[in-house]
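What follows is a set of notes on a single structure, which appears directly below.
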Amino acid sequence: MEVELTRDEEFAILTLNRPEALNALSFQILREIGEALDEAARSDARALLVTGAGEKAFCAGADIKELRNRSLTEQRAGAELGHAAFGKLDRLPIPSVALVNGYAFGGGLELALACTFRLAAPKAKMGLPEIKLGLIPGYGGTQRLPRVIGPARALEMILTGRTVEAREAEKLGLVNRVVEGDLLAAGKAFAREFTSYGLPALRLAREAVTRALDLPLHEGLMMEADLSTLAFQTEDAEEHMAAFEMKRKAAFKDR
Ligand code: DAK
């Protein structure tokens with residue numbers, strides 16, 4: 001297995017474990033990522049942390065050695081495999097945080113972009129270099145990057161294939177934060193800013209924001225009205241509003 005899923009406190013941790021190839025995404029790894037995400041979805045973890053084994057890379061992208069001499073049908077199936085695997089992050093019931101510990105190129109950056117949040121080590125380097133291979137991003141990059149940093153900046157990254165360093169990535173909004181020191185510890189601390197809240201509200205908030213990106217404003221506002229109304233139906237909301245009024249403590253039950 002080149003993808004490991006472990007549990008640590010309230011976290012599920014997905015590790016790409018193929019450091020000798022800078023965690024490059026073979027088709028087998030893409031399948032394993034999909035299986036690990038199904039397992040994470042079934043677990044009682046409150047957040048998923050995604051990282052790459054080794055000192056150098058989060059993930060150096062699709063396995064270039066595997067991509068050649070494949071039929072058109074096989075290439076199309078490969079793109080769909082990537083979309084299906086990373087799409088599971090959109091539908092994961094818990095938020096996910098990519099811990100970009102080194103290189104995140106091509107499919108590696110696309111994996112990070114599919115996560116809810118991205119943290120980067122100061123030495124991290126990111127880019128979509130597909131254009132340098134005569135290709136274009138195929139695992140969601142042309143769609144998710146403009147949604148995260150805007151179309152002009154996304155087009156610049158995709159058409160030039162240039163490498164963005166961690167600090168610039170933070171300025172672009174490509175990563176939420178650059179963190180010094182132990183990245184896994186920083187990822188846990190970051191996630192603990194939300195893991196103590198109720199899972200239903202966390203999920204509804206994510207859904208409202210991500211679904212809105214595909215909708216005109218008035219439809220997005222209607223959807224927000226529906227989802228925010230739904231939040232009132234949870235026991236968590238009733239309990240916490242009552243506790244506020246009665247000046248007592250309350251605990252989230254995820255219901
Ligand atoms: N694929 C396969 N092996 C890779 C790899 C990759 N992407 N990246 C690195 N490796 C391997 C190297 O071959 C080397 O293995 P050995 O030669 O030792 O056996 C080992 O990892 C260490 O790499 P380097 O020796 O190159 O390490 P350096 O520190 O010198 O350089 C680097 C690090 C990240 C700058 C360099 O390795 C590099 O440029 N890697 C390639 C980055 C890249 O171009 N990634 C792919 C982007 S394209 C699709 C459509 C599109 C796509 C996929 C599918 N469909 C329609 C199906 C496109 C996807 C992409 O991700």
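Each ligand, and each atom within it, is numbered from 1 in the order the structure gives.
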Is Arg18 reaching over with its side chain to a backbone N or O of Leu22, donor-acceptor style, under 3.5 angstrom?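 Side chain of Arg18 to backbone of Leu22: no pair is present.
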Identify whether the distance between the nearest side-chain nitrogen and carboxylate oxygen of [X] and [Y] falls below 4.0 Å.
X: Asp214; Y: Arg147; result: yes
X: Lys188; Y: Glu10; result: no
X: Lys88; Y: Glu35; result: no

Identify, chain by chain and in numerical order, each protein residue with a heavy atom under 4.0 Å from an atom of ligand 1.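 Answer by chain and number: Glu20, Ala21, Leu22, Ala24, Lys56, Ala60, Gly61, Ala62, Asp63, Ile64, Lys65, Leu67, Gln75, Gly78, Ala79, Tyr103, Phe105, Gly106, Gly107, Pro129, Glu130, Leu133, Ile136, Gly138, Tyr139.
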Stepwise, does the side chain to side chain contact (heavy atoms under 4.5 Å, CB included) test hold for Thr163 with Phe105? CA-CA 8 Å; Thr163 298; Phe105 288 138; 3.7 Å; yes
CD of Glu245: more than 12 outside heavy atoms within 6.0 angstrom?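 Atom CD in Glu245 is not crowded, with 12 or fewer foreign heavy atoms closer than 6.0 Å.
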